[in-house]
Novice: 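I'd like to ask you about the structure that follows.
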Amino acid sequence: MRHVPFAPDSLDGKARLTWEEWYAKSRTGTAALYEQHRRGDKIKYNNKVWRELKDWLLEHVFHKKCAYCESKDRATTHDAAEHWRPKDKVTVNNEVVELRDGNRHPGYWWLAYAWQNLVPSCDRCNGPGGKMNEFPVENEHVLNDALASHDLDEAEVPLLLHPYNEGRKPEDHLKFGAQGAIAARSGSIFGATSIRVFNLDRTDLKEERAEAQENADLRYKQAICMVSDKGASLGSTVEELYGPEKRYSQAVKAVLTPKIRNIRKYLK
C-alpha cells in the first residue's frame with residue numbers, strides 16, 4: 001500500500017472531460033439516494049456509477065493495481081469498486097456497529113458515489129477474509145448524512161489507511177522487510193489495523209511480494225554491472241524498479257533502498 005496523490009481539480013484535456021461526465025452522474029445519483037432516504041424507501045444503488053469510476057481509476061490513477069496490496073493482474077481480480085466507508089452495513093471485528101441510540105449503523109449510503117470513498121480493490125483484500133464491511137474508528141461511528149468524507153474523518157478518526165490521505169500516508173505507518181514481510185511502523189495503530197483488516201500479511205501475498213523483491217534485486221545487480229562497465233548513472237535506472245506503476249513497489253523499495261544508498265557511497 002502506498003500514498004496515491006490524486007486531485008481531480010488538476011486534471012485537464014480528455015481526462016478532465018471524462019471526469020466531469022462521471023462526476024455529473026455521481027451528483028445525480030447522490031441526489032437520488034437522498035430522495036429515497038427522505039421518502040423512507042429502501043436505498044437502491046446504481047452500481048454502474050462506481051464501476052465506471054473504478055475502471056477509470058485502475059487505468060489512470062492506480063496503474064492497474066489494487067489500492068491496498070498493490071497486486072496487479074495476477075491470481076486476483078479487480079471487479080469491485082471498494083467503498084472505503086461501507087455503504088450498507090458497518091462492522092468491527094465482524095460485529096455490526098450499534099450507535100448510541102441502540103440502532104445498527106446502516107452504512108454511509110450518502111457516500112456511495114463519492115470519489116473520495118471509492119478505490120479499486122482486489123477480491124483478496126476486499127473479499128472473505130479481507131475488509132468486507134469492516135470499518136474500525138478511534139472515536140465513535142457517526143451517522144450524519146450532512147457530513148462529507150473529510151468531516152467524518154475528523155469526527156471518527158478512522159483506523160484504516162487510505163491511499164489518498166496526504167496527512168496520513170501509508171508509507172509512514174507500514175514497513176516492509178525481506179521475504180515480503182510487513183509490519184506496523186513504530187507500532188502505528190493505523191498500520192496494524194490496516195494489516196489486519198485488509199489481510200496484508202496473508203501467505204500468498206507475502207510470497208508474491210518476496211518474488212517481486214527477488215526479481216527487482218536481480219535487475220538491481222544488472223544495473224550495478226552497467227554502472228561499472230559503462231559508467232552509466234545509477235539514479236533513475238534503479239529507482240524505476242519501485243516506481244508507482246510496479247507491483248508491490250513499497251516492498252521492493254524497502255529492500256533496495258539500503259543497497260542503493262551503500263553502492264552510491266562506494267561509487268563516489
Novice: Between Trp115 and Phe6, is the ring pair (Phe, Tyr, Trp, His ring centres under 6.0 Å) condition met? List the steps.
Specialist: CA-CA 10 Å; Trp115 69 265; Phe6 178 51; 5.5 Å; yes
Novice: Please examine the side chains of Glu156 and Glu138, heavy atoms only from C-beta on, and report whether any two atoms are closer than 4.5 Å.
Specialist: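 Heavy-atom side-chain distance check fails, nothing below 4.5 Å.
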Novice: Using modelled atom types only, decide if a donor and an acceptor are shared between the side chain of His83 and the backbone of Ala112 within a distance under 3.5 Å.
Specialist: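 Side chain of His83 to backbone of Ala112, a donor-acceptor pair under 3.5 Å: yes, one is there.
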Novice: Does a donor on one side chain sit under 3.5 Å from an acceptor on the other, for Gln213 and Tyr248?
Specialist: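 Looking only at side-chain atoms, Tyr248 and Gln213 do not form any donor-acceptor pair under 3.5 Å.
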Novice: Taking it one step at a time, do Leu53 and Tyr113 satisfy side-chain contact (heavy atoms from CB on, under 4.5 Å)?
Specialist: CA-CA 9 Å; Leu53 179 63; Tyr113 308 130; over 6 Å; no
Novice: Does the side chain of Tyr164 reach to within under 4.5 Å of the side chain of Trp84, using non-hydrogen atoms?
Specialist: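 Heavy-atom side-chain distance check fails, nothing below 4.5 Å.
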Novice: Check Glu21 with Lys25, please: is the shortest side-chain N to carboxylate O separation under 4.0 Å?
Specialist: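 Glu21 and Lys25: not salt-bridged.
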Novice: Tell me whether Ser26 contacts the main-chain N or O of Ala114 through its side chain, where contact means a donor paired with an acceptor under 3.5 Å.
Specialist: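 No.
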Novice: So, the side chain of Arg185 versus the backbone of His173: is there a donor-acceptor pair under 3.5 Å, distance only?
Specialist: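 It does not hold such a pair.
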Novice: Membership question, hydrophobic clusters at under 4.5 Å side-chain separation (ILVMFWY): are Trp50 and Met132 in the same one?
Specialist: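 Result: no, two separate clusters.
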Novice: Within the 4.5 Å heavy-atom criterion, are Phe176 and Val252 side-chain neighbours or not?
Specialist: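 No. Closest side-chain heavy atoms not under 4.5 Å.
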Novice: Is there a side-chain contact between Phe62 and Val119, using heavy atoms and a 4.5 Å cut-off?
Specialist: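 Phe62 vs Val119: side chains touch.
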Novice: Just by distance, no angles: are the side chains of His3 and Glu166 close enough, under 3.5 Å, to form a donor-acceptor pair?
Specialist: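 Checked: His3/Glu166 side chains pair up, N/O donor to acceptor below 3.5 Å.
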Novice: Please walk me through it: do Glu98 and His105 pass side-chain contact (heavy atoms from CB on, under 4.5 Å)?
Specialist: CA-CA 6 Å; Glu98 290 190 358; His105 197 305; over 6 Å; no
Novice: Please determine whether side-chain contact (heavy atoms from CB on, under 4.5 Å) holds for the pair Trp109 and Asp145, giving the CA-CA distance in whole Å, both sets of side-chain angles, and the decisive distance to 0.1 Å.
Specialist: CA-CA 8 Å; Trp109 54 267; Asp145 59 36; 3.3 Å; yes
Novice: Search all heavy atoms of Asp201 against all heavy atoms of Lys206 and return the closest pair with its distance.
Specialist: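 Scanning both residues, the minimum pair turns out to be O-CE, 3.1 Å.
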Novice: So how far is it from Ile182 CD1 to Leu205 CG, rounded to the nearest 0.5 Å?
Specialist: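 Between atom CD1 of Ile182 and atom CG of Leu205 there are 7.5 Å.
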Novice: When rounded to the nearest 0.5 angstrom, what is the spacing between CG in Asn46 and OG1 in Thr28?
Specialist: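 Going from CG on Asn46 over to OG1 on Thr28, the span is 10.5 Å.
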Novice: Would Lys87 and Tyr45 count as a cation-pi pair here, with the cationic atom under 6.0 angstrom from the ring centre and within 45° of the axis?
Specialist: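 Satisfied, under 6.0 Å and within 45°.
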Novice: Is a side-chain donor or acceptor of Gln36 paired with a backbone partner of Lys44 at a separation under 3.5 angstrom?
Specialist: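 Between the backbone of Lys44 and the side chain of Gln36 there is a qualifying donor-acceptor contact (under 3.5 Å).
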Novice: Between Ser194 and Leu161, is there a donor-acceptor pair closer than 3.5 Å when you use the side chain of the first and the backbone of the second?
Specialist: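 Side chain of Ser194 to backbone of Leu161, a donor-acceptor pair under 3.5 Å: yes, one is there.
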Novice: Measuring only between side-chain heavy atoms, which start at C-beta, is Tyr108 closer than 4.5 Å to Val142?
Specialist: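 They are not in contact (no side-chain heavy atoms under 4.5 Å apart), so the answer is no.
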Novice: Using the rule that two of Ile, Leu, Val, Met, Phe, Trp, Tyr join whenever any of their side-chain heavy atoms come within less than 4.5 Å, decide whether Val137 and Val96 are in one cluster.
Specialist: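 Val137 does not cluster with Val96.
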Novice: Tyr68 and side chain to side chain donor-acceptor pair (under 3.5 Å): which partner among Arg124, Lys131, Glu82?
Specialist: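 For Tyr68, the side chain to side chain donor-acceptor pair (under 3.5 Å) test succeeds with only one of Arg124, Lys131, Glu82, which is Glu82.
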Novice: Among the clusters formed by ILVMFWY side chains lying less than 4.5 Å apart, do Val157 and Val197 turn up in the same one?
Specialist: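 Yes; tracing contacts between hydrophobic side chains, which count when under 4.5 Å, links both residues.
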Novice: Would you say Gln250's side chain and Glu171's backbone share a donor-acceptor pair under 3.5 angstrom?
Specialist: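 The answer is no, because no donor-acceptor pair under 3.5 Å joins these two groups.
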Novice: Taking a hydrophobic cluster as the set of Ile, Leu, Val, Met, Phe, Trp and Tyr residues connected by side-chain heavy atoms closer than 4.5 Å, whether directly or through intermediates, do Tyr23 and Leu11 fall within one such cluster?
Specialist: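 Looking at the clustering, Leu11 is in the same group as Tyr23.
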Novice: Look at the rings of Trp19 and Trp56 and say which category their plane angle falls in: under 30° parallel, 30 to 60° tilted, over 60° perpendicular.
Specialist: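 The arrangement is tilted - the two ring planes meet at 30° to 60°.
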Novice: When rounded to the nearest 0.5 angstrom, what distance separates CD in Glu154 from CG in Leu147?
Specialist: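 So the gap between those two atoms works out to 10.0 Å.
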Novice: Please confirm whether the backbone N or O of Ser121 pairs with a side-chain atom of Lys54, one donor and one acceptor, at under 3.5 Å?
Specialist: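 A pair under 3.5 Å: no.
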Novice: Taking the side chain as everything from C-beta on, heavy atoms only, tell me whether Pro163 gets closer than 4.5 Å to Met1.
Specialist: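 The answer is yes; the side chains approach within 4.5 Å.
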Novice: Which heavy atom of Pro136 sits nearest to which heavy atom of Val92, and what is that distance?
Specialist: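 Taking every non-hydrogen atom into account, CA-CG2, 3.9 Å.
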Novice: Do Leu33 and Trp110 make a side-chain contact, defined as non-hydrogen atoms from C-beta onward lying under 4.5 Å apart?
Specialist: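 The answer is no; the side chains never approach within 4.5 Å.
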Novice: Does the salt bridge (Lys or Arg N to Asp or Glu O under 4.0 Å) test come out yes or no for Asp55 and Arg51, once each step is laid out?
Specialist: CA-CA 6 Å; Asp55 292 340; Arg51 279 184 176 273; over 6 Å; no
Novice: May I ask you to establish whether Arg168 and Phe190 are in a cation-pi arrangement, using a distance under 6.0 Å from NZ or CZ to the six-membered ring centre and at most 45° from the ring axis?
Specialist: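 Ring-cation test returns yes.
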Novice: Determine yes or no for a side-chain-to-main-chain donor-acceptor pair under 3.5 angstrom, with Asn165 supplying the side chain and Gly167 the backbone.
Specialist: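 Checking the backbone N and O of Gly167 against the side chain of Asn165, a donor-acceptor pair under 3.5 Å is found.
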Novice: Quick test of your reading of the model: are Lys48 and Glu52 salt-bridged, counting only N-O distances below 4.0 Å?
Specialist: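 So Lys48 does not pair with Glu52 through a salt bridge.
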Novice: Can you name the nearest heavy-atom pair linking Cys122 to Arg202, along with the distance?
Specialist: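 It is SG-NH2, 4.0 Å.
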Novice: Are any side-chain N or O atoms of Ser10 and backbone N or O atoms of Ala7, one a donor and one an acceptor, separated by less than 3.5 Å?
Specialist: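 Confirmed, Ser10 side chain pairs with Ala7 backbone.
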Novice: If every non-hydrogen atom of Leu57 is compared with every non-hydrogen atom of Leu118, which pair is closest and at what distance?
Specialist: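 It is CD1-O, 3.6 Å.
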Novice: Could you please spell out the steps behind the side-chain contact (heavy atoms from CB on, under 4.5 Å) verdict for Asn93 and Arg196?
Specialist: CA-CA 10 Å; Asn93 296 323; Arg196 176 180 61 82; 3.2 Å; yes
Novice: Between the side chains of Arg85 and Asn133, is a donor N or O closer than 3.5 angstrom to an acceptor N or O?
Specialist: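 There is no such pair (donor and acceptor under 3.5 Å, judged by atom type) between the side chains of Arg85 and Asn133.
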Novice: Regarding Arg2 and Ser249, is there a side-chain donor-to-acceptor distance under 3.5 Å anywhere?
Specialist: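 On atom types as modelled, these side chains qualify, holding a pair under 3.5 Å.
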Novice: Taking the side chain from His63 and the backbone from Gly243, do they hold a donor-acceptor pair closer than 3.5 Å?
Specialist: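 No, because the side chain of His63 does not come within donor-acceptor range (under 3.5 Å) of the backbone of Gly243.
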Novice: Search all heavy atoms of Leu200 against all heavy atoms of Cys125 and return the closest pair with its distance.
Specialist: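 Of all heavy-atom pairs spanning Leu200 and Cys125, the closest is CD2-SG, 4.2 Å.
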Novice: Counting neighbours of CZ on Arg39 that are heavy atoms of other residues, nucleotides or ligands and sit closer than 6.0 Å, is the number greater than 12?
Specialist: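 Counting neighbours around CZ of Arg39, more than 12 heavy atoms of other residues, nucleotides or ligands fall under 6.0 Å, so yes.
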Novice: Leu111, Leu99: one ILVMFWY side-chain cluster at the under-4.5 Å cut-off?
Specialist: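 They do share one cluster, since a chain of ILVMFWY contacts under 4.5 Å joins Leu111 to Leu99.
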Novice: Indicate yes or no: at least one non-hydrogen side-chain atom of Val97 is less than 4.5 angstrom from one of Thr91.
Specialist: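 The answer is no, as the side chains (C-beta and beyond) never meet within the 4.5 Å cut-off.
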Novice: Mind listing the closest non-hydrogen atom pair of Leu256 and Ala216 along with its distance?
Specialist: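 Answer, listing the atom of Leu256 first, then Ala216: CD1-CB, 4.1 Å.
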Novice: For Arg27, does the CZ atom have more than 12 heavy-atom neighbours from other residues, nucleotides or ligands under 6.0 Å away?
Specialist: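 Counting other residues, nucleotides and ligands, CZ of Arg27 exceeds 12 neighbours.
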Novice: I'd like to know whether Asn215 forms a side chain to side chain donor-acceptor pair (under 3.5 Å) with Arg247, so could you lay out the CA-CA distance, the side-chain angles of the two residues, the decisive distance to 0.1 Å, and finally the verdict.
Specialist: CA-CA 11 Å; Asn215 291 337; Arg247 295 169 59 244; over 6 Å; no
